[in-house]
Amino acid sequence: MLGLLLKTSVVLLVLNEVRGLVLAAPVIYGMYQAGGSLMAIWIGLCSLAGIALSVIVPMFAARKVQKFVQSRA
């Protein structure tokens with residue numbers, strides 16, 4: 001049961017990566033359209049950092065859960 005749950009979470013992490021790429025594209029394009037002003041770059045970096053955190057944090061959580069499950073088995 002836990003193996004199936006971990007495999008499902010891996011699939012969801014891949015989908016989360018795709019979501020991150022889809023969300024990052026408009027931010028980068030917006031920075032390009034704004035001409036690279038300091039404010040546009042700052043807002044773009046903050047947006048990309050938020051997207052990165054929404055992708056990276058679940059990956060670390062999945063690793064912790066996997067290590068916990070392996071130690072209990």
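We're numbering straight along the sequence, starting at 1.
Residue pairs satisfying the side chain to side chain donor-acceptor pair (under 3.5 Å) criterion with at least one member in residues 56-73, sequence neighbours excluded, are absent.
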Tabulate below the donor-acceptor pairs under 3.5 Å that side-chain atoms of residues 38-60 make, not counting sequence neighbours, or state none.
residue	atom	partner	partner atom	Å
S47	OG	I43	O	3.0
S54	OG	R19	NH2	2.9
S54	OG	I51	O	2.7

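To the nearest 0.5 Å, atoms CG (L12) and OG1 (T8) are separated by 7.0 Å.
Hydrophobic cluster of V10: no remaining members, since no ILVMFWY side chain lies below 4.5 Å from it.
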